[in-house]
There are 2 protein chains.
Amino acid sequence: MKWDALEEEPCSLARTVAVIGDRWSLLILRECFLRIRRFDDFQASLGITRHLLADRLKKLVRFGVLRKIPYQEAPKRYEYILTQKGLDLYPIIMSIVHWGNIHMVDSRGRPMLHQHKACGHMFDPVMVCSECGEPLSAKGVHVHPGPGARRSSPVHAKALGTKVKAG
Amino acid sequence: MKWDALEEEPCSLARTVAVIGDRWSLLILRECFLRIRRFDDFQASLGITRHLLADRLKKLVRFGVLRKIPYQEAPKRYEYILTQKGLDLYPIIMSIVHWGNIHMVDSRGRPMLHQHKACGHMFDPVMVCSECGEPLSAKGVHVHPGPGARRSSPVHAKALGTKVKAG
DNA sequence: AACCATAAGTTCTATTTTAGAACTGTCAAT
DNA sequence: ATTGACAGTTCTAAAATAGAACTTATGGTT
C-alpha cells in the first residue's frame, strides 16, 4: 500500500495515519508542543536527517497541521507553528505519552510529569464519553457504519457477527 | 535513528512510537479492536503483504501488546488477541479516529459511529484531567521533568524559557 | 576584500525497509 | 491422489531512510 492510498481509505484511523503514522511525524509534533519552531532546532533536538526533516515539515504543512510564519526578512526565514488542526492533535499525543508512562517506563520512573494549570494537580489524561462523562473502554462501545462507510468486508462481517448478502 | 534507539529514549512518546509508530501497526491494531484475530483475516482485510504482517505480529507479541493463543491442534494454529497492555491502547486509537472524524472526513461524512453501551448515546471521546475532570488542552498544561528525565537539552531550555548551567 | 558564522534547506551515495508475488509444510475433505 | 485452507517463508525490485557534504543568502570580523 502506498501512502496516498491511505488518505483515501474510508476510515478515520487510516486517514490520520496518513498524516502522523510514520517514524518521525509524531516526534516532530512532540517538539512543536514543546515550543520548538525552527528547522535547526528540530534537527538538533531530534537528530533527524535534514533531508527527512524538510520532507516531513513540508508534509505537515500540506496537511494543514503546521503553518510557516516569517520571522525575519533578508534572508527570509520561517517558523513552523501548530495550526488549530495541529493543536487538536493534543489528545493523541497525550494518550500516547500516557500509555508509555504506564507500560514503557524503566525503574527510574516517568521522564515527564504533567500539571493541570486549572486545578493545579499533577494528572493523567482520562478518556470519557462526551454524552455521559464516564470513562471509555473498548468493550463498552458499539461500532456502527456511518454515512461515509463502504460495504463492510466479509471478514469484518464474520468478526462482528453480522449477516451479509452474497454478491 | 534506528528503531531500537527509539525504545531507549527517555520519552514516553518515543517509546510508544517504537511500538505503534509505523505504517502498519496501528492498522493491525484497529483490526484487533474489530475482532479480527487470524493471519489470513488480517491479510485479507488490510491488503498488507504476508511478509510484513508476519513481521509486525511478531513485534506486537514481543512488546506484549498481542498474545498468541492456540485455537486448534493438528495443525497447530494460533489466534492473535489483545493483552491488557494492548487493550490499554484504546484511548490512542479512539483519539486518532476522532481527529480523523473532525479533520479528515469527506462530504460523505464519518465512516464509523460509536455508541456508548452504558448510556446508549452516540458519542465522541473527550480527554479530561484525572484530578478535576475538566477537558484538557495543550495550553492548559505545564510540563515538568520527572524522575526518569535526563538533563534537558539547550534547545528545549531555550524554547521553554528555562535557565541552564553551561557545561 | 577575504573569512567566518547562521539559517534553511538541497543533493548525493549507501543502507534498510517495503511491495508483490511465488513457494513451503501440515492437515482435512473429496 | 488431488484440492483447499491456513500460516507462514523466501525471493527480487522498488521505495524510503541514514549520513554526510554542498548551496544560497546575509551579516559581522579582520
Side-chain angles (χ1 to χ4, degrees), chain A residues 1-7 9 14 17-28 31-32 36-62 66-81 154-155 158-159, chain B residues 1-7 9 14 17-28 31-32 36-62 66-81 154-155 158-159:
Chain A
M1 185 188 286
K2 289 148 200 164
W3 278 108
D4 295 4
L6 219 48
E7 287 175 53
E9 288 267 307
V17 166
V19 182
I20 60 164
D22 68 274
R23 202 180 305 216
W24 286 112
S25 294
L26 278 168
L27 294 167
I28 291 171
E31 298 304 298
C32 293
I36 301 295
R37 293 172 153 83
R38 300 186 183 177
F39 193 93
D40 277 18
D41 287 345
F42 284 113
Q43 207 273 319
S45 74
L46 289 171
I48 185 176
T49 65
R50 306 179 74 78
H51 183 126
L52 270 239
L53 177 57
D55 185 82
R56 289 297 181 276
L57 289 172
K58 210 169 282 176
K59 190 186 81 173
L60 291 170
V61 168
R62 179 163 57 80
L66 298 179
R67 186 167 32 216
K68 273 174 95 158
I69 303 286
Y71 71 89
Q72 74 171 35
E73 309 289 325
K76 200 116 182 175
R77 298 244 183 273
Y78 297 89
E79 292 186 322
Y80 294 89
I81 66 155
V155 55
K158 192 181 79 176
Chain B
M1 184 189 284
K2 288 148 198 162
W3 279 108
D4 295 2
L6 219 48
E7 288 176 54
E9 287 269 307
V17 166
V19 182
I20 59 165
D22 69 273
R23 201 179 308 215
W24 285 112
S25 295
L26 278 168
L27 293 167
I28 291 170
E31 298 304 298
C32 293
I36 300 295
R37 293 173 153 84
R38 300 185 184 177
F39 193 93
D40 276 19
D41 287 346
F42 283 112
Q43 207 274 318
S45 74
L46 289 172
I48 185 177
T49 65
R50 306 178 74 79
H51 185 127
L52 271 239
L53 177 58
D55 186 82
R56 289 299 181 274
L57 289 172
K58 211 169 280 177
K59 190 187 80 173
L60 291 170
V61 168
R62 178 163 58 79
L66 298 179
R67 187 169 29 217
K68 273 175 93 158
I69 303 286
Y71 72 90
Q72 74 170 36
E73 309 289 325
K76 200 119 182 172
R77 299 247 184 271
Y78 297 88
E79 292 185 321
Y80 294 89
I81 65 155
V155 56
K158 193 182 76 178

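Chain letters run A, B, ... following the sequence lines, proteins first and then strands; every chain starts at 1. Atom set for the values below is all heavy atoms of this structure, side chains included, hydrogens, waters and symmetry mates excluded.
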* Structure fact -> Between CG of B/Leu57 and C1' of D/dA7 the distance, given in whole Å, is 10 Å
* Asked: Rounded to the Å, how far apart are B/Leu6 CG and C/dT17 P?
  -> 13 Å
* Asked: Residues two or more places apart in sequence or in another chain: which of them pass salt bridge (charged side-chain N to carboxylate O under 4.0 Å, His left out) with B/Asp40?
  -> B/Arg50
* Name all residues meeting the side-chain hydrogen bond (donor to acceptor under 3.5 Å, both in side chains) criterion together with A/Glu73; count only those two or more places apart in sequence or in a different chain, and write none if there are none. => A/Lys76
* Report yes if a side-chain nitrogen or oxygen of B/Lys59 is closer than 4.0 Å to either non-bridging phosphate oxygen (OP1 or OP2) of C/dT17; otherwise report no. => no
* Distance, rounded to the nearest Å, where A/Asp41 contributes CG and C/dT6 contributes P -> 13 Å
* Return the value, rounded to whole Å, for the distance between atom CD1 of B/Ile69 and atom P of D/dA7. => 14 Å
* In the 5'-to-3' direction, what one-character label does each nucleotide of nucleotides 25-30 of chain C receive under the scheme B = base within less than 4.0 Å of a protein heavy atom, S = sugar-phosphate only, - = no such atom? -> BBS---
* Asked: Could you give the CZ-to-C1' distance, from A/Phe39 to C/dA8, as a whole number of Å?
  -> 6 Å
* For A/Ser25 against A/Val19, the heavy-atom pair lying closest together -> OG-O, 3.7 Å
* Structure fact -> The reported gap from OH in B/Tyr80 to NZ in B/Lys68 (rounded to nearest 0.5 angstrom) is 4.0 Å
* Structure fact -> Residue set satisfying side-chain hydrogen bond (donor to acceptor under 3.5 Å, both in side chains) with B/Arg38, at least two apart, ordered chain then number -> B/Glu79
* Structure fact -> From CG of A/Asp40 across to P of C/dT6 the rounded distance in Å is 10 Å
* To do: Grab the CD1-P distance between B/Ile36 and D/dC6 for me, whole Å please.
  => 13 Å
* Hey, is the side chain of B/Tyr80 poking within less than 4.0 Å of OP1 or OP2 on D/dG8, counting only N and O atoms? -> yes
* Considering non-hydrogen atoms only, spot the tightest contact between B/Leu57 and B/Phe42 and give its length. => CD2-CE1, 4.3 Å
* To do: Starting from P on C/dT17, measure out to CG on B/Leu53 and report it in whole angstrom.
  => 18 Å
* Asked: Within 45° of the six-membered ring axis of A/Trp24 and under 6.0 Å from that ring's centre, is NZ or CZ of A/Lys59 located there?
  -> no
* Could you tell me whether the side chain of A/Gln43 and the main chain of A/Thr49 form a donor-acceptor pair under 3.5 Å? => no
* salt bridge (charged side-chain N to carboxylate O under 4.0 Å, His left out) with B/Arg56: which residues, sequence neighbours excluded? -> B/Asp22
* With sugar-phosphate meaning primed atoms plus P, OP1 and OP2, does A/Phe42 contact a base, only sugar-phosphate, or nothing at under 4.0 Å between heavy atoms? -> nothing
* Distance test, side-chain N/O of A/Tyr71 to OP1/OP2 of C/dA8, below 4.0 Å -> yes
Measure all distances between protein nitrogen or oxygen atoms and nitrogen or oxygen atoms of nucleotides 14-20 of chain D, and list the pairs falling under 3.5 Å.
{"residue": "D/dT17", "atom": "OP1", "partner": "A/Arg56", "partner atom": "NH2", "Å": "2.7"}
{"residue": "D/dT17", "atom": "OP2", "partner": "A/Arg56", "partner atom": "NH2", "Å": "3.0"}
{"residue": "D/dA18", "atom": "OP1", "partner": "B/Met1", "partner atom": "N", "Å": "3.3"}
{"residue": "D/dA18", "atom": "OP1", "partner": "B/Met1", "partner atom": "O", "Å": "3.0"}
{"residue": "D/dA18", "atom": "OP2", "partner": "A/Trp24", "partner atom": "NE1", "Å": "3.3"}

* Asked: Distance check: side-chain N/O of B/Lys68 vs OP1/OP2 of D/dG8, anything under 4.0 Å?
  -> yes
